[in-house]
Amino acid sequence: MIAAVVLLPSAIAAAATTQAADVLLSQGKPVATSTVESSSYTGAKAVDGSTTTRWASAEGADPQWLRIDLGQSATIHRVVLNWEAAYAKKYRIEVSDDGTSFTTAATVDTGDGKIDDLGGLTARGRFVRFVGLTRGTSYGYSFWEMQVFGSTDSSGDTQAPTTPVGLTAGTATATSVPLTWSAATDNVGVTGYDILRDGTVVATSATTSYTDTGLAPATSYTYAVRARDAAGNVSAAGTPITVKTAAGSAGFVLAAAGDIAEQCTASSSSCVHPKTAKLVENMNPAAVITMGDNQYDEPTLSDFKNYYDKTWGKFKNITHPIPGNHESYSKFTGYEQYFGAIAKPQGQRYYSWEMGNWHFIALDSNDFVTHDDFAEPPQITWLKQDLANNKKGCVAAYYHHPRWSSGDHGDNIDSIQLWNLMVANKVDLVLNGHDHDYERFVPQNADGKADAAGPVEIVGGSGGANLYDLSPAHATTAKLLKTFGVLKLSMTDTTFQTQLIGVDGKVLDSSPTYTCH
């Protein structure tokens, strides 16, 4: 054994030797992870039997985890981790019967990045989880393979639970269906239920209820439920029911821009923010998003009242703002005094809100523009929880400093962790400002390469501040313009499409219609 391991007692005790009947239980089994660095490093690659593919978590964050579903309860005698360069100094191996409540099987406190062969276990459970506690590098956690060895733990039980009955659907929304059913029985005990949608298992539940989310409006789905016991015996699926989701909303339009109000008024023909405000008025949006630097230069309350308020202030009651670096120069005093409660609707300068089937996340990226320390933990912790709690089918995020940009400021390494979290959580759209130009990217992964599974990033720092010169476009740039304008975002329950409207009212760029992940 390469690493020092502490084996814990309680329900999980040390065994003298690995039993001869041990087999590899984990290969090819379903895997869930806390995060992934990109779509190239998914959890499934840690159990594919190949030492040339790997799982990698998002960079620079603790803790992180990878969970393997063995498919049925088993006795686990040995776990082997084949590390890539991004290893763990400290981590735990945990087991669970239901995938929710875990017990620690072993801890490693002196990991060195070599192959860790953790033997002598007698852990019982269906789920095995690696939990990284302390990284050995500045990156995340990454291993080529995680192998779990042991034996199927049937304990002589070959009797399947009874078939669940009474499957009933509650009131369906446009994107969700709540389900309940009567409990099944078993000679030993039912441990959970598989929920089948159109014949495919989409979830498991430890209780007799489940809400299926992320569905399409006005669409029929057929559901059935089957029961499992601790020995892995599975009942027949119960009588199916067909449910149709509600019709979706008609959609809505949002207006968005960053870097807006210079210290000028409509009396000056060169003053742009009155002209972009007129574009917003013509759009008649359901809400307005600002991507920071709402007012220049080190904005006080009087600056906001004298300039921003006379133009974009007309939409204050429907605006969901975030601050930029210029608001931070005065320690956000003018920003918070002007916007009042909407500056910190949930007690912080970062928050989330919803409209239709969309979940919007407003972030203060000033927290991350620090040369010595990447992230302020409270906002990252909040962001992860907010993403985990989201039940909407489409997700957009906006913050001031873009990860990718062909403008004067260029790519922003301080936004790496934010971008990687967006990729890992299948966020659909990311809006930024900071560079005074317009740039729309094709969907990208964590490495900035074209990937249909990634978010669409748009830099919309074209709301009125003096424009910046452009650098050569990225390979993933779909459109790059040195121009003023406002983003018109057309959202439905399952899609979005964007346009840049110039100050002359003409459409300067149109995106394809994207379907939400």
Step by step, would you call Leu383 with Leu363 a side-chain contact (heavy atoms from CB on, under 4.5 Å)?
CA-CA 9 Å; Leu383 174 59; Leu363 298 171; 4.2 Å; yes
Do Asp259 and His434 meet the criterion of a side-chain donor-acceptor pair at a distance under 3.5 Å?
no
Looking only at the aromatic ring of each residue, does the gap between the centers of Phe496 and Trp358 stay below 6.0 angstrom?
yes
Is any side-chain heavy atom of Val31 closer than 4.5 Å to a side-chain heavy atom of Leu66?
yes
Aromatic ring centroids of Trp181 and Tyr210 under 6.0 Å?
no
Glu145 versus Asn82, side-chain donor and acceptor atoms under 3.5 Å
no
Check: Phe130 ring centroid to Trp65 ring centroid under 6.0 Å
no
Take His436 and Phe484, measure what ring-ring contact (aromatic ring centres under 6.0 Å, His included) needs, and give me the verdict at the end.
CA-CA 8 Å; His436 299 184; Phe484 296 109; 9.0 Å; no
Here the gap from Gln64 atom CD to Lys384 atom NZ, rounded to the nearest 0.5 Å, amounts to 4.5 Å
Check each of Leu431, Thr290, Val430 against Tyr398 using the side chain to side chain contact (heavy atoms under 4.5 Å, CB included) test, and report the only one that passes.
Leu431
Do Ser330 and Glu298 pair up side chain to side chain, a donor and an acceptor below 3.5 Å, judged on atom types alone?
no
Taking atom types as modelled, is there a side-chain donor on Thr173 or Ser176 under 3.5 Å from an acceptor on the other?
yes
Hey, mind stepping through Trp404 and Phe441 against ring-ring contact (aromatic ring centres under 6.0 Å, His included) and telling me if it holds?
CA-CA 9 Å; Trp404 312 106; Phe441 292 86; 7.6 Å; no
Which residue pairs satisfy the side-chain hydrogen bond (donor to acceptor under 3.5 Å, both in side chains) criterion with at least one member in residues 312-322, sequence neighbours excluded?
Thr276-Trp312
Ile413 side, atom CD1; His401 side, atom NE2 - distance, nearest 0.5 Å:
12.5 Å
Quick one: closest heavy-atom pair of Val423 and Ser38, and the distance?
CG1-CA, 4.5 Å
How many angstroms lie between CE in Met146 and CD1 in Ile68, if you round to the nearest 0.5 Å?
4.0 Å
Given Tyr307 and Gln295, is the side-chain contact (heavy atoms from CB on, under 4.5 Å) satisfied, shown in steps?
CA-CA 8 Å; Tyr307 307 109; Gln295 176 63 57; 3.4 Å; yes
Report the C-alpha distance between Gln497 and Ser510 in whole Å, list the side-chain angles of each, state the deciding distance to 0.1 Å, and finish with yes or no for side-chain contact (heavy atoms from CB on, under 4.5 Å).
CA-CA 8 Å; Gln497 193 264 344; Ser510 292; 3.7 Å; yes
Is Arg349 paired with Asp364 through a side-chain N to carboxylate O contact shorter than 4.0 Å?
yes
Considering only heavy atoms from C-beta outward, does the side chain of Met291 approach that of Ile289 to under 4.5 Å?
yes
Should we say atom OH of Tyr139 is surrounded by more than 12 heavy atoms from elsewhere, each under 6.0 Å from it?
no
For the side chain of Ser365 and the backbone of His400, is there at least one donor-acceptor N/O pair under 3.5 Å apart?
yes
What I want to check is whether the side chains of Asp194 and Thr204 have a donor and an acceptor closer together than 3.5 Å.
no
Out of curiosity, Ile380 CD1 to Asp367 CG, how far, rounded to the nearest 0.5 Å?
9.0 Å
Result of checking Asp428, Thr495, Thr492 against Thr515 for side chain to side chain contact (heavy atoms under 4.5 Å, CB included):
Thr495
Trp83/Phe143 under ring-ring contact (aromatic ring centres under 6.0 Å, His included): CA gap, chis, key distance, verdict:
CA-CA 4 Å; Trp83 289 100; Phe143 37 72; 5.3 Å; yes
Should the heavy atoms of other residues, nucleotides or ligands under 6.0 Å from NZ of Lys482 be counted, would the total exceed 12?
yes
dist Gln385:CD -> Ser352:OG (nearest 0.5 Å) comes out at 11.0 Å
Compute whether any side-chain donor of one residue and acceptor of the other, for Asp411 and His474, lie under 3.5 angstrom apart.
yes
Pair Ser39, Asn445 - check side chain to side chain donor-acceptor pair (under 3.5 Å), show working.
CA-CA 7 Å; Ser39 57; Asn445 61 23; 4.6 Å; no
The test is ring-ring contact (aromatic ring centres under 6.0 Å, His included); show your working for Tyr308 and Tyr338 and say whether it passes.
CA-CA 10 Å; Tyr308 180 96; Tyr338 175 73; 5.7 Å; yes
Checking side-chain contact (heavy atoms from CB on, under 4.5 Å) for the pair Phe304/Tyr335: CA distance, chi angles, key distance, verdict?
CA-CA 8 Å; Phe304 269 101; Tyr335 171 80; 4.3 Å; yes
Side chain proximity check, Ser40 to Lys449, heavy atoms < 4.5 angstrom
no
With rounding to the nearest 0.5 angstrom, report the CD to CG distance, Gln499 to Leu487.
10.0 Å
Should the heavy atoms of other residues, nucleotides or ligands under 6.0 Å from NZ of Lys305 be counted, would the total exceed 12?
no
Taking the side chain as every heavy atom from C-beta outward, state whether Tyr91 and Val131 have any pair of such atoms under 4.5 Å apart.
no
With a 3.5 Å distance limit and no angle check, can you tell me whether Thr300 reaches the backbone of Asp303 through a side-chain donor-acceptor pair?
yes
Do Tyr221 and Arg197 touch side chain to side chain, with heavy atoms closer than 4.5 Å?
yes
